[in-house]
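Working notes, beginning with the structure itself.
Reckoned from all heavy atoms, side chains included, excluding hydrogens, waters and symmetry mates.
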Amino acid sequence: MEIKMFDFSKIKSPIIFEGSDRTAYRDPALYYENGRFYLFCTYVECFDEGPFLTTVESFSDDLVSWSTPREITPRDRSLNFSSPGNVVKYGDVYYLCLQTYCRENGEKYGNSRCRLWTMKSYDLVNWESPELIRVKGDIPTEEMGRMIDPFIVKDMHDPQKWWCLYKQNGVSMSYSYDLKSWTYHGKTECGENVCAIKDNDSYLIFHSPKNGVGMLRTKDFVNFEKVGELITLGQDKWEWAKGRLTAGFVLDLKNDPEYGKYIMFFHASGPEDENTMFDDHASVGIAWSDDLVSWKWAE
C-alpha cells in the first residue's frame, strides 16, 4: 500500500495550544509511534493564591486535531512536576523524563529542591508515579543541587548506554547502562531545555538561550561546537511570541515516508517579556523544516 505524504498546509495555525491570562502551555516534548503523536507539556493554571504546574498529555493522528490535554501528574506546589524532556523506550517500558519545579513558598521560579524524575508506562497512556533520577550517583538527594529540564538519549556507538542531559551549570551530562544507576560525566556552556537528535555521525543539540533556539554539535559529549544561526521562526510577526520564543523540541521524521521532515515544537509568550508573563500567556507552537536551516509554519 502506497503511503501518501502529509500535506503540511492542513495545519492552519502555528499555535497548537494557546495560553490565556490564567493559563500557560510550556516545554513541549513529543513521541511518535505507529502513526500517533504523543505531546507532553507543562500546563500552568493560575489562582489567586498562586499557580499550579502539572504535566499534561495530548494525542494527534495528523498534527491537525489534538485531544484535550490531560493531567498525568498531581497538583502540588511543593513538587510541580513539569518540563517533560522526552520519551524513550527501554525493553517494553516507556520512560518519560521530567522535573520538579518546587515553589511551595510562593517563589516565582523553582527553588533549590528542583530535581529530575522519570515516569513509566506500558501503553503511553497510563503513567506510574515519578521516580527520582540520581544523575549524580549514590549521593544524598539534598547534595545533588538544583537541576531542571532533563533529556535522555541513547548513545549512537554503544547500544547499551544512555545519556541524560540536564540544566545545571550550563548543560550537565550523566550516563547509565540501565536507566537506574547513573554516573556524572561533565558539563558545558549551554542554554536550557536541551533536546538532542542524531545527525549523521554526531549529536545535534537544540537549547534555549535568553531568546530563540540555538544549536551545538558533539560526537562524544566532551567537545562541543556552536553551529547554525539562532532560530526565532516567525517571532517578529507573532504578537503571542514577542516576549520570548524558547524550548524548541525537534522531532526527526526526515526519513518517515508520511511526514518526511524535521518538526519543531516550542513555546512562546507575549506580547510582554516572559519576566512579567511567566505563568500565563504562553502557547505551544509548531514549525517544520527539510534541512534544519530553513523553517516553515502556518501563516
Side-chain angles (χ1 to χ4, degrees), residues 11-30 37-60 63-85 98-111 114 148-149 167 191-193 208-213 231-249 264-287 297-299:
I11 302 175
K12 300 303 182 182
S13 171
I15 300 175
I16 295 178
F17 294 121
E18 185 172 9
S20 69
D21 60 352
R22 297 188 70 86
T23 60
Y25 296 91
R26 307 170 58 88
D27 316 311
L30 272 289
F37 295 89
Y38 300 82
L39 186 155
F40 305 85
C41 68
T42 301
Y43 175 62
V44 187
E45 187 169 3
C46 299
F47 297 89
D48 292 341
E49 66 273 20
F52 282 107
L53 280 67
T54 56
T55 295
V56 296
E57 181 178 17
S58 174
F59 312 99
S60 176
L63 291 177
V64 177
S65 300
W66 294 87
S67 65
T68 300
R70 173 181 62 92
E71 292 182 336
I72 61 172
T73 59
R75 293 193 173 200
D76 184 342
R77 291 190 182 92
S78 68
L79 294 169
N80 276 339
F81 286 105
S82 54
S83 194
L98 68 171
Q99 69 180 23
T100 42
Y101 204 66
C102 314
R103 297 168 62 183
E104 67 272 21
N105 301 309
E107 299 93 334
K108 182 176 181 179
Y109 303 114
N111 60 37
C114 298
I148 59 173
D149 297 337
K167 175 65 175 176
E192 57 191 15
N193 288 106
S208 296
K210 186 175 181 181
N211 182 66
V213 179
I231 302 168
T232 56
L233 303 175
Q235 185 182 33
D236 59 339
K237 299 178 181 178
W238 296 335
E239 286 296 313
W240 57 275
K242 288 290 179 66
R244 188 187 186 195
L245 189 149
T246 186
F249 179 102
M264 178 181 286
F265 299 81
F266 59 94
H267 86 247
S269 54
E272 298 178 26
D273 186 89
E274 190 178 68
N275 289 331
T276 62
M277 305 180 72
F278 187 65
D279 289 316
D280 53 58
H281 287 101
S283 303
V284 167
I286 184 172
W297 49 86
E299 297 293 344

About how many Å separate [atom2] of [Y] and [atom1] of [X], when rounded to the nearest 0.5 Å?
X: N275; Y: S269; atom1: CG; atom2: OG; value: 9.0 Å
X: I286; Y: L39; atom1: CD1; atom2: CG; value: 9.0 Å
X: W297; Y: L233; atom1: CH2; atom2: CG; value: 5.5 Å
X: T55; Y: F40; atom1: OG1; atom2: CZ; value: 9.5 Å
X: L245; Y: H267; atom1: CG; atom2: NE2; value: 8.5 Å
X: I16; Y: S65; atom1: CD1; atom2: OG; value: 11.5 Å

>> So, using side-chain contact (heavy atoms from CB on, under 4.5 Å) as the criterion, who are the partners of K237 when residues are at least two apart?
In response: none
Where do [X] and [Y] come nearest, in terms of heavy atoms and distance?
X: D236; Y: K242; result: O-CE, 3.2 Å
X: I11; Y: A298; result: O-CB, 3.1 Å
X: A247; Y: P28; result: O-CD, 3.9 Å
X: D280; Y: S20; result: CB-O, 3.3 Å
X: G85; Y: A29; result: O-CB, 3.4 Å
X: S208; Y: G248; result: OG-N, 4.0 Å

Give a yes or no on whether the backbone of [Y] and the side-chain of [X] come within a donor-acceptor separation of less than 3.5 Å.
X: S13; Y: I15; value: yes
X: T42; Y: S83; value: yes
X: E239; Y: P271; value: no
X: R244; Y: D273; value: no

> Taking only residues at least two apart or on different chains, which pairs with a member in residues 14-30 satisfy salt bridge (charged side-chain N to carboxylate O under 4.0 Å, His left out)?
Replying inline: R26-E274
>> For a 4.5 angstrom cut-off between non-hydrogen side-chain atoms, does T73 reach L98?
In response: yes
> Do you know which of R103, E71, R77 makes side-chain contact (heavy atoms from CB on, under 4.5 Å) with F52?
Replying inline: R77
>> Against S283, only a single residue in W238, F17, Y25, W240 fulfils side-chain contact (heavy atoms from CB on, under 4.5 Å); can you say which?
In response: W240
>> Working note: K167 + Q99, criterion side chain to side chain contact (heavy atoms under 4.5 Å, CB included); need CA distance, chi angles, decisive distance, verdict.
In response: CA-CA 10 Å; K167 175 65 175 176; Q99 69 180 23; over 6 Å; no
>> Among residues at least two apart in sequence or on other chains, which ones pass side chain to side chain donor-acceptor pair (under 3.5 Å) with D76?
In response: S78
> Would you say the ring centroid of Y38 lies under 6.0 angstrom from that of F59?
Replying inline: yes
